[in-house]
2 protein chains.
Amino acid sequence: MEFYLNILKQNGYKLTGKRKLVLEAMLKNRRPLTLSDVQKLCVNIDFATIYRIVNLFNELDIVHEVKLFDKQQYYEIMKDDHHHHVVCQSCGKIDRVDLCITQKVSKLTSYTITNHIMEFKGICPACK
Amino acid sequence: MEFYLNILKQNGYKLTGKRKLVLEAMLKNRRPLTLSDVQKLCVNIDFATIYRIVNLFNELDIVHEVKLFDKQQYYEIMKDDHHHHVVCQSCGKIDRVDLCITQKVSKLTSYTITNHIMEFKGICPACK
DNA sequence: CGCTAAATGCAAGTAGTTTGCAATTACAAA
DNA sequence: TTTGTAATTGCAAACTACTTGCATTTAGCG
């Protein structure tokens, strides 16, 4: 918590009650969350405020964008813990995928990779 | 072209002029296309029709969904040519990424993988 | 404690897609 | 080859997820 509050402070942003609530909610729920999910976790914050806070967190790299298989944007706090996800299409469970291949892609394409999306969908062992 | 028309026929769909136009446009432009892109490539087709045709093609696995780094859905024909993409954030160029790790993810997570998203963004050699 | 710029709530706007329904068309049957 | 009919299409409106403008409120410096 302190770590993230410092990022806000160091960038000249105020430590408001709403920002602390959103941060706390996302720290306690470390999985891909939509803006609506975040709003449900933080009673009494307007949706536009949730939107602006989460977008600020994203600019400050406090949260990261996650794309799953619908048209919503998800966000998740992943400090020092870069990972991807696999979603069960039957029960909806989301598991971590600790694999990344940006270095390989960098070598293969000669691009400097700055950003990537990598998510999986399937059937989990329990649902098979 | 014939190959795809047969898929439509075999599934009981009519071979209409509009469907042929959309198919032809997407065969000639094998890169991620938004519905608006497809509409621009096919003069005189209503957007709702483009929407329904591309969605039908998607259900029949004629096209595949591609997610890039904005909020639009892209579609691309990739028969026998599964690949991913890397987008240059400077010039917008899109290159292929011929790499896939669903087998590795399958082993790692014990899920049966049915679907995945994997896209990259960076700076291309020419823009460095 | 008061001042001021930043943050927030409310309501309206926007982009991209999705749907309902009447008009049109592909194609099987005559 | 023409006809009947269900599938397809166009149009307009609805919908979802996000985005913005502006008036009100609040954090935090002095």
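Please read all numbers here as calculations on a predicted model, not as lab measurements. Residue numbering restarts at 1 for every chain, and letters A, B, ... go by the order of the sequence lines.
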N or O in side chain of [X] less than 4.0 angstrom from [N] OP1/OP2:
| X | N | value |
| --- | --- | --- |
| A:Y51 | D:dC18 | no |
| A:T16 | C:dA6 | no |
| A:T49 | C:dG9 | yes |

To the side chain of [X], which of [options] is closest?
| X | options | value |
| --- | --- | --- |
| B:A48 | C:dT8, D:dC11, C:dA26 | D:dC11 |
| A:I45 | C:dC21, C:dT17, C:dG9 | C:dG9 |
| A:K14 | C:dT19, D:dT9, C:dA7 | C:dA7 |
| B:L15 | C:dA15, C:dC27, C:dC21 | C:dC27 |
| A:D46 | C:dG9, D:dG10, C:dG16 | C:dG9 |

Looking across every strand, which nucleic acid part, if any, lies under 4.0 Å from [X] by heavy atom: base, sugar-phosphate, or nothing?
| X | value |
| --- | --- |
| A:R19 | sugar-phosphate |
| A:N44 | sugar-phosphate |
| B:F47 | base |

Measuring only between side-chain heavy atoms, which start at C-beta, is A:T109 closer than 4.5 Å to B:F120?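 When only atoms from C-beta onward are counted, B:F120 and A:T109 do not touch, as no gap falls below 4.5 Å.
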What's the [atom1]-[atom2] distance between [X] and [N], to the nearest Å?
| X | N | atom1 | atom2 | result |
| --- | --- | --- | --- | --- |
| B:R52 | C:dG16 | CZ | C1' | 15 Å |
| A:I53 | C:dA7 | CD1 | P | 10 Å |
| A:K18 | C:dA6 | NZ | P | 19 Å |
| A:Q73 | D:dT16 | CD | P | 19 Å |
| A:L35 | C:dT8 | CG | C1' | 16 Å |
| B:L5 | C:dA26 | CG | C1' | 14 Å |
| A:D70 | D:dA17 | CG | P | 8 Å |
| A:L56 | D:dC18 | CG | P | 17 Å |

Specify the residue among A:Y75 and B:G12 whose closest nucleotide of DNA chain D lies further upstream toward the 5′ end.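 Its nucleotide being nearer the 5' end, the pick is B:G12.
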Minimum heavy-atom distance between A:E119 and A:H85, given as atom pair plus value: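 Minimum heavy-atom separation between A:E119 and A:H85: OE1-N, 2.7 Å.
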If you look at every heavy atom in A:Y74 and A:T34, which pair is closest and at what distance?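 Residues A:Y74 and A:T34, closest heavy atoms: CE2-CG2, 3.4 Å.
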For A:Y4, run the side chain to side chain contact (heavy atoms under 4.5 Å, CB included) check against A:L60, A:I62, A:V63 and tell me which one passes.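 With A:Y4 as partner, A:L60, A:I62, A:V63 yield a single side chain to side chain contact (heavy atoms under 4.5 Å, CB included), made by A:I62.
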Salt bridge check, B:R30 against B:D81: does any charged N sit closer than 4.0 Å to a carboxylate O?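 Salt bridge flag = no for B:R30 with B:D81.
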